[in-house]
Structure formats: C-alpha cells, structure tokens
Amino acid sequence: MRSVSTAVILRPSPSLGVTEMLSRRSVLKATAALLTVPLGIALPEAAQAQSAPSNRPPAPRREPRPPARRGYTWVSGHWAWKPRRGWVWTAGHWEENRRGFEFVGPRWVLRRGQWVYEPGRWVRSWR
C-alpha cells in the first residue's frame, strides 16, 4: 500500500480566534480551481464559435455517378462541417435498399440564422 504524505499549513483565523489547518492537497486543489476558472470561461466561447458553420456550405462537387446496382441506392457526396478543419467533402456511397422505404439524401438547412445538417434517412414510401 502506498502512503500519501500531506503537509499541514497552519493559518491563523482572527475572526474565530482559532488556527485553521490546511493540507497540501487542499491548497493544490484551490490553486488548480483558481487557474482553471479563467480557462473554463474562455474555452467554451472559442469552441462554440467554431462548432457550427456561420456561412453556407460550398456548392456540391460534381462526382461521377457509378452505374446502377440492383438492390442499392446511390447517395451523393456532401459537405461536412469539421470544427477544426472547416468544410470537408464526404464522398458518395451505396446504401442497401429497404423494402417500403425511399432514401432522402443529406442536406444543409438554414434555421434561425444557423446552418444545420440533416443527415440522409429512409422514409416510408406510400406508393
């Protein structure tokens, strides 16, 4: 078993007339808390500023559409937003068909002044 040594710091407390004891661990915790408070306030704002795109996605790239495959639907490529890298192209791919459903491709929609990504999904076909 490992023993942990803790130093004790005596601090006079004039209001109580008692000497208060603080351990090294509590002093380190208080110091760490004071150092992280300013960072905790600054980091979310910086992260939030890049977490969602502020400008519209670029125009879709023209990519060759492969020949049709029985039982599959081609999903065209789209732009994805990466907070650190910005707009990144995601190539198209094949999705296996689902009986009674149609595939609606992914798209970017402007909602309340912010661009929001709607991933591709399968919706019930009423034909």
For this session: Check E102 against S125 and note the closest heavy-atom contact, atom names and distance.
Result: OE2-OG, 3.2 Å
Problem set entry | Side chain to side chain, T90 and P106, heavy atoms closer than 4.5 Å | no
For this session: To the nearest 0.5 Å, tell me how far W115 CH2 sits from R107 CZ.
Result: 10.5 Å
Exercise. How many angstroms lie between CH2 in W87 and CG in N55, if you round to the nearest 0.5 Å?
Worked result: 6.5 Å
Exercise. Can you hop from V116 to W108 via hydrophobic side chains spaced under 4.5 Å?
Worked result: no
Exercise. Got a donor-acceptor contact below 3.5 angstrom from the W79 side chain to the P58 backbone?
Worked result: yes
Exercise. Do the side chains of F101 and V123 get nearer than 4.5 Å, heavy atoms only?
Worked result: no
Problem set entry | Shared hydrophobic cluster, V104 / Y117 (ILVMFWY, side-chain heavy atoms < 4.5 Å) | no
Exercise. What is the minimum heavy-atom distance between P60 and W89, and which atoms define it?
Worked result: CA-CZ3, 4.1 Å
Exercise. Do T73 and E95 have side-chain atoms, one donor and one acceptor, less than 3.5 Å apart?
Worked result: no
Exercise. Nearest heavy-atom pair of F103 and V75: which atoms, and what distance?
Worked result: CE2-CG2, 3.4 Å
Exercise. Quick one: is the NZ or CZ of R69 closer than 6.0 Å to the six-membered ring centre of W94, and within 45° of its axis?
Worked result: yes
